[in-house]
Structures are given as C-alpha cells and as structure tokens.
Amino acid sequence: MDKIERLKWLTDEVNKHNKNYYVYDNPTISDAEYDALYYELVDLENELGYSLPDSPTQRVGDDVLAGFKKKKHEIPLYSLNKVKDFADLGKWIADMQKATGKPEQFSLEYKYDGLKVVIEYNNGVYVSATTRGNGTVGEDVTVQVKTIKSVPLTIPYKSRIIVQGECMMTNKSFVEYNKTAEIPLKNPRNGVAGAVRNLDPKETEKRKLDFFCYDILLIENKKLNTQQEMHNFIIEQGFKTGDFFKIVNNLAEAQTEIERIDKIKDKLDVMIDGMVIKLNNCAERDDIGYTNKFPKWAMAFKFKAVELSTTLLDVVWQVGRTGKITPIAILEPIELSGATVSRATLNNAQDIERKQVYINSRVFVRRSNEVIPEVMGIAEHAPNEKQIVPPTNCPSCNSVLAQIGANLFCVNHKGCYEQIIDRLTHFVSRDAFNIDGLRDKTLKLFYEKFKIAYPYELFTLKKEMLEGLEGFKEKKINNILESLEKGKQIDWQNFIFALGILNIGKKTAYVLSQKYRTLDELKAADFVSLIAIDDVGEIVANSIIEYFADEENLINIQKLFDLGVKINAPAAVQANANFAGKTIVLTGSLQNFTRPDLTKLLLSLGANVTTSVSKNTNLVIAGADAGSKLDKARALNIEVIDENKLLELLNEN
Ligand SMILES: [Zn+2]
C-alpha cells in the first residue's frame, strides 16, 4: 500500500473507531491500539503535508475567532407549540385524526434541553453548523461543532442534506468537567451554550459535548415518508439519536410513555424538559401545514418545571475559608423538588449582572439532585426593586476586597473573623483532623478569648486556659484535650485535605495521597506530573503549586509538626499481579468487605478503582444483586469475577 492509500485507510479506520466509541458507545479496540493508529495518521499527514477533509486530526482548529458571523437559515426553524396536560394533548391528537380523516400514528421523542444546531453536509462531507438563533438568523459555529466527536465529519449520503439536532452536555461530562473547573458549571445546560458559543474551539472541545440528531430539514434526491424512516436514515448516516424513539397510535399509548419518562427523567444522562410528538406521516404534514410560528403537525409536551419563581428578599455576601466572597440570595421560601428552599447561590457579581436580578424582583430558582439551589434569572420585575451592589469591603472584617478572576476575595487571612472560623471548622472536620467536641460555637469562643486564628494554634490550648472559660467543666475540658491529642496522629490523605488548599476537596486529596506518598513528594510535585493525574486539571495543579510557594503556608505546616503532629505513613503499595495496574469497578453487595475497605485494599495492591464501567475497565467485581454495571461489563466483554474468585486471587499474592 503506498503512503497516500495508507493515509486514506488510516483516516477511515480512525473515524470508524471514533464512531464506535462516541456514537455507539461500543469500542472494538483498546485505547492503546487506537492511539497507535491515530498517531501514525498524524505522522503521515505531517510527512505528506496534507490531510483529508474528514481527517479526525482536523476536528480542533488552532485559531481563536475574532467574533461570530451571523448566518441566515436556508430553511427557517419553527418553534413547537406546547401543551402541559394530557387533556390538551388528547385534543390535539383528535384534531390530527380529524384533519386527515383516518387513524394516524405519531412519533414520540425526547425534548432536549440543550442548544439547537443545524448542520449541513454536501457530497457526504461536513460543511457548516449554525445555531438556531431566532429561527431566521443564527450564528456560524462550524469550527466549534466540528470538535464534537459524535458529529460525523463524513456521512454515506452524497447529496446535500441539512439536519437538525441538539448539542448537549451529558451529566457524565458535566461531572467530569466540574472536577477541575475553576468556575464550576451549575448544571449541564449552562455548559452547552457557553461551549458552543465560544470563540475558542479548544474550549468547546474541553466540555466534551454530544450532538443528538432528530430531524432532517432538507434532503436532495430522496424522499423520506415518515418520521420513523427519517429516524432510521439518521442512524444509518452515523448520527447519535439518544436512547428513545417510539411510534404510538393514540393518546393512551402516548400518555403511558410520557408518564414513564417523566418518572425517570432525572436519572437520564441528558437533560430533557418534555417530549416531542409528531405526526408520523410526512405527506399528511404538508396538507396540515403551519401557523406563522409553529408546525400544526407537531407538539411539545412540557414536563412540570423543576424551576419555580419566588421573591428575592435580600442578598448576603458570605466569606469562605479561602477568603472568597459568595453572594447568597435570601428567598421567600418555596417547595422545590421536595425540599424547602430559602437560600440559593448567585455565584458572583458578574453572574448577578448577567442574570439581571434585583432585590424584591421575582426570580427563577432551580434545584436538582446534583447541584445546590441556584437563582437562574429574572421572572418578573417589581416597582420597588433595588440594584444588588457588590461590597467593596469585606462584610466580616471590612478590609478592601480584591478582584481575582470572576470572584472577590478578602485577603485579610489573619484578621477576618468569618474566614478564620470557616478555616478552623474545616481543619477540625471529620475528613481533616477529625477533632471531636469543637463546634462552631467553641471555635468562635477560642478566637475571641485566645485569638486562635490558625489551625495549628488549636494545639497550643492548655488545660489552665480552658478552665477559665464559662461552662467548661473538667469532663468537657478533658474530652477536648484528648481529642486534640488523638488528632495529632493523622492519616496522610486527611492531612492533605486539612491544609485547605483552594479547589482541593476530599476526593482530590485522596488521589494526591496515592500518587505522592510524603509531604516532601507533594511539595516537590511539578505542574506536568500533577496534571498527569486523572482527577487533576490545570486549575487544581496551580492551586497546589501556589499553596506550597507561599512561605507562610510552609511556616504554618512546620508549626503543626513542632506541636507534635505526625502523619501516618500510607500503607506501602504491595503489588499483586492479579490486580496491579488494572482498572477495576465494584458492583453489587459483598459479604466479606465494605466497598470503601475493598477499594482501599485494591489500591494498596496497585489497582485503580473507578465507579463506572467503560471500555477502559479491565475487571468488574460483582457481588449479589449487581445491576446495570454488570450488564454493561458483559456487553463490553470485560472480565467479571464474583466474591469467591476475588478471595482466591487475593490469596495468591
Ligand atoms: Zn474579611
């Protein structure tokens, strides 16, 4: 095979494997094999000095764009008419049956809560992508959408075609992204628009979006007779379509499906806010036609909103342990997803400006399982509304605030009351020094009486000092001193967490403790070795480096040791060939181990333990009543063992 042929072959081959992975979720080769093909292609393209238009190496451009170009839609995009209950849906279905004079079928699909985009292909090649905009004019997002791996760069159909679909951030990508994000996204929907409408395509790529295709707006030289045919055609062309499509015959069938999806919608990997129901027969659609806003032959069924509106009573500015100032909205209490919500975050001053909310106005509030309640935007203005003015001085200590990135910070780390109390609370918490008996109130008292502002100073407390405090009886004093003494012996991962490094949560502390076995190793860690860790991104890496570059932090750490703190050396990694280097997932319930204990044990044997099954998983340990993880493991042909086999392998060490 000559080099040009090899380049063609490699391009097709890598595209095929991309599709298996990103569209079908069913990879057929290992990461290493994929990488070998991909980099051979990169090298060959460099050598020959050219690449094919659908080359997978060309997804992400290097250039940051100067601005967005407006683009007129060749086929105007309609909105959908909406119903909110089954009575109205039934009426619409009856209208359709009446209009055509015969029993009709209807297609039922998710109504995605993402960003609508249309994509054009010609000669089987990706040409352009445009946001919906106002339906007549959108924005050209060709280079951004090209970075989305589930968007095919070539399709088998060779005539011109324009498809419509939704750019989405799956919950999985959302969680992954937030692990290392400087400004975490509050929900997956916020992540999509900011990613697609981003002038730097590299940013789009980072969010790991998906594209779900559900409509063909234009197709030359072919006629598709039903929505079902269209759906099948979309799949044949290699697009991702989401996991639900159904044909229903009447209201009862539609209602059954819609009610079922409504119940499970929060567990789906994508955000949907309703269902779309369309007349299946395309020929009938033309007869039924359009209003000037909607097609008459399609309808959206909206789920009951998880977003409600309430009055924004006030905004308080809270100081955290790192000095970061967060605006908290005080709300007229409302019931939202089964909880009473009276406070919600407004993130930062820029966010308040963007959302255009005011004190006394009605605002939308959203709460979902994985995120704290958040004010989403203005619902209704009020005559007596007042501007929310960010403070110039710290609400706790009155020092002048510093703007760092999007956030305001109080940099008076030594003298800021709220900051100090939050810092001490973090230090004594269960996953840090785990010191019992030191509640908020006690820590405040210590600060007032003894000026204890830095965690290490807690270890300078003496019996005589405590005896002078009101309400401190002998037993209480002894308990506090004992737990302080006990706390001095601390596990390595807890110690890292206790330091209170910006952006380092419990999980990251744990991951760091596995990679760096001593404080000296962690201190010496450089950027490159830090970001090589799965859960550590640039932001986290920089936080760590900056923390240890600050002389004051090093002095405070030294003081802890001077006062008798000792870090328990982490258990030595003891490789067991059965597990070392393998990526393992646990599922089901086990007889002989708790999950955390088994995880620890496997890590100490050199394994990597993750929570979800993917093609990177090497081994699944399945206890009783294992569910979908086991099914997925079997589908991907991953080795599965039960608890007896596990014990056997452990003993082989
Ligand atoms: Zn302050």
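Throughout, residue positions are numbered sequentially from 1 according to the sequence presented. First listed ligand is number 1; within each ligand, the first listed atom is number 1.
In this structure, the ring of Phe561 has its center less than 6.0 angstrom from the ring center of Phe495. Ring pair Phe433/Phe459: centre-to-centre distance below 6.0 Å.
In summary, Lys265 and Asp262 engage in a salt bridge, as defined by a charged side-chain N under 4.0 Å from a carboxylate O.
Within the protein, the N, O or S atoms lying under 2.8 Å from the Zn ion (ligand 1) are Cys394 SG, Cys397 SG, Cys410 SG, Cys416 SG.
More than 12 heavy-atom neighbours from other residues, nucleotides or ligands sit within 6.0 angstrom of CD on Glu552.
By the 30° and 60° cut-offs, the orientation of the rings of Tyr112 relative to Phe212 is parallel.
Distance check: Ile545 CD1 to Glu538 CD gives 11.0 Å after rounding to the nearest 0.5 Å.
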